[in-house]
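The structure appears right after this line, and notes come after that.
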There are 2 protein chains.
Amino acid sequence: MSVQERKERERAQRHQLIVATARDLAESQGWEAVTTRRLAERIEYSQPVLYSHFRGKKEIVGAVALEGFAELTTAIRRAVAEDPEDRGAVSALAHAYIDFAERNPALYDAMFLLDTGLLFADETTPAPLREAFGALLETLGDIAGDTEPALFVEVFWSALHGLAALTRSGRLPQANASRRLDILVERLAGH
Amino acid sequence: MSVQERKERERAQRHQLIVATARDLAESQGWEAVTTRRLAERIEYSQPVLYSHFRGKKEIVGAVALEGFAELTTAIRRAVAEDPEDRGAVSALAHAYIDFAERNPALYDAMFLLDTGLLFADETTPAPLREAFGALLETLGDIAGDTEPALFVEVFWSALHGLAALTRSGRLPQANASRRLDILVERLAGH
DNA sequence: GTACGATTTCTAGCATCGCTAGATTGCGAT
DNA sequence: ATCGCAATCTAGCGATGCTAGAAATCGTAC
């Protein structure tokens with residue numbers, strides 16, 4: 001049975017190669033440059049191979065997004081751990097979120113902008129998504145006051161996403177991005 | 001010179017027909033269904049005619065977006081006028097914004113999601129965009145407190161957009177949308 | 001070592017996309 | 001009625017995502 005195991009291992013490796021290549025390409029030239037032909041050329045296989053791993057391009061973007069959620073979770077947890085005070089933690093979380101979006105624009109797009117078919121708040125929601133939401137809940141739940149924690153987290157997250165999305169698309173000027181974030185945190189977390 | 005005038009009038013009419021058709025098509029079947037071929041067929045002209053009015057598809061989407069900004073402005077102003085009390089006005093504005101996004105999803109996408117090449121906060125920013133921002137500023141400026149009004153408005157707007165965008169893309173459940181909005185308004189406007 | 005059989009991979013192609021060059025038409029001016 | 005210009009169309013280019021069917025590869029059995 002060793003042969004089959006090797007094949008599976010190689011398959012898994014190639015699967016990961018596709019995801020990593022798509023991410024690389026997206027981060028360096030934007031998602032519009034991630035075409036099945038370019039992707040196939042980069043991994044040194046023909047296009048149909050992609051379809052033996054993924055249902056289509058959408059699912060490849062989804063796989064990249066999943067990586068993103070895992071990384072966002074650790075980025076948030078790390079930032080909060082460095083500043084565990086209530087108010088400081090919230091601010092650290094917010095800045096970590098925005099930093100993440102700024103440093104991985106294509107990854108962020110895959111997670112929150114592009115259509116990946118990934119289901120959020122649902123029974124079939126992939127673990128990394130739940131985990132990321134959990135990371136937010138851990139620190140933001142404390143300052144929810146009398147509002148339902150999950151709902152408050154969704155609101156906070158939405159506000160962060162709004163800033164990230166509008167800034168990224170050039171609809172908000174790059175300047176004062178940090179001041180905007182501070183205003184938001186003060187109002188949402190304040191007393 | 002009446003001939004030339006008639007031609008210009010007809011041209012302007014056709015220009016508007018293209019925009020209206022693109023918007024119709026987008027609102028009824030999504031922007032991915034708005035192709036130059038389908039658009040040309042609907043207006044009963046060949047594709048190249050589109051390019052005698054617009055530089056390309058992007059500019060057509062931009063023209064639709066411009067309509068959206070004008071309509072958003074009146075929607076906000078009307079909502080605020082109906083409830084001019086400070087706190088009520090802010091809540092009315094927020095609900096009007098979210099209602100607008102929900103009722104005109106494709107239009108909203110053109111304004112805030114798709115790449116239209118429209119420049120925001122810039123000298124060359126089209127009037128309807130400035131006007132929309134102005135409408136926000138009129139009511140939100142009052143509750144900015146000691147923070148710079150323009151900056152506060154940007155933050156408020158971002159938060160609204162975050163809610164709208166995540167809800168629209170299915171990343172936030174449809175349920176409780178109104179409660180989320182109330183939480184947001186209370187935290188941003190309250191104190 | 002060789003030949004078979006199944007799995008893997010590739011070649012080639014489809015329909016569709018945004019966009020454009022060059023032919024063709026139609027219309028106002030003479 | 002005819003000419004010339006402007007408006008419009010036909011036809012096509014290089015891409016896109018995706019797939020059917022041919023070709024090659026590789027483990028297995030003799």
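Note that the coordinates shown come from a computational prediction; the quantities given were computed from them, not determined experimentally. Letters go in sequence order (proteins before strands), and every chain restarts at 1.
- Taking atom CH2 of residue B/W31 and atom C1' of nucleotide C/dT16, one finds them 19 Å apart after rounding to whole Å.
- Between A/I18 atom CD1 and D/dG17 atom P the separation is 14 Å, expressed in whole Å.
- Straight-line distance from the CD1 atom of B/I43 to the P atom of D/dT8: 10 Å, rounded to whole Å.
- In this structure, the CD atom of B/E59 is 15 Å from the P atom of C/dG18, given to the nearest Å.
- Between A/T36 and D/dC18, a side-chain N or O to OP1/OP2 separation shorter than 4.0 Å is absent.
- Ring to ring, B/Y97 and B/H161 are not that close: their centroids are 6.0 angstrom or more apart.
- You'll find that the side chain of B/Y51 is closest to C/dT20, out of C/dT11, C/dT20, C/dC17.
- Counting to the nearest Å, the P atom of D/dG27 and the CD atom of A/E10 are 9 Å from each other.
- When heavy atoms are screened at a 4.0 angstrom cut-off, A/R14 is found touching the sugar-phosphate backbone but no base atom.
- A side-chain donor-acceptor contact under 3.5 Å links B/T36 and B/Q47.
- Using a 4.0 Å heavy-atom cutoff across all strands shown, B/R38 reaches sugar-phosphate atoms only and no base atom.
- With rounding to whole Å, A/E41 atom CD is found 15 Å from C/dC10 atom C1'.
- The side chain of A/K57 has D/dG17 as its nearest neighbour among D/dC9, D/dG17, D/dT16.
- Contact between the side-chain N/O atoms of A/R37 and the OP1/OP2 oxygens of C/dT11 is not found at any separation under 4.0 Å.
- Side-chain atoms of B/Q47 stay outside donor-acceptor range of the base of D/dC9, with no qualifying N/O pair under 3.5 Å.
- Judged by closest nucleotide on DNA chain D, A/T35 is the one of A/T35 and A/R55 placed further toward the 5' end.
- Counting heavy-atom neighbours within 6.0 Å of B/E85 CD, excluding the residue itself, gives a total of 12 or less.
- Results of the ring pair (Phe, Tyr, Trp, His ring centres under 6.0 Å) test with A/F69 over A/F112, A/F100, A/Y108 single out A/F112 as the only residue that passes.
- For the pair A/R11 CZ and C/dT8 P, the interatomic distance rounds to 7 Å; values are reported in whole Å.
- Of the listed nucleotides (D/dT16, C/dG18, D/dC9), D/dC9 has the atom at the smallest distance from the side chain of B/Y45.
- Of the candidate nucleotides C/dC19, C/dT11, D/dC18, C/dT11 has the atom nearest to the side chain of A/S46.
- The nearest whole Å value for the distance from the CG atom in A/L39 to the C1' atom in D/dT16 is 14 Å.
- Taking 4.0 Å as the cut-off between side-chain N and carboxylate O, A/D24 and A/R42 do not count as a salt-bridged pair.
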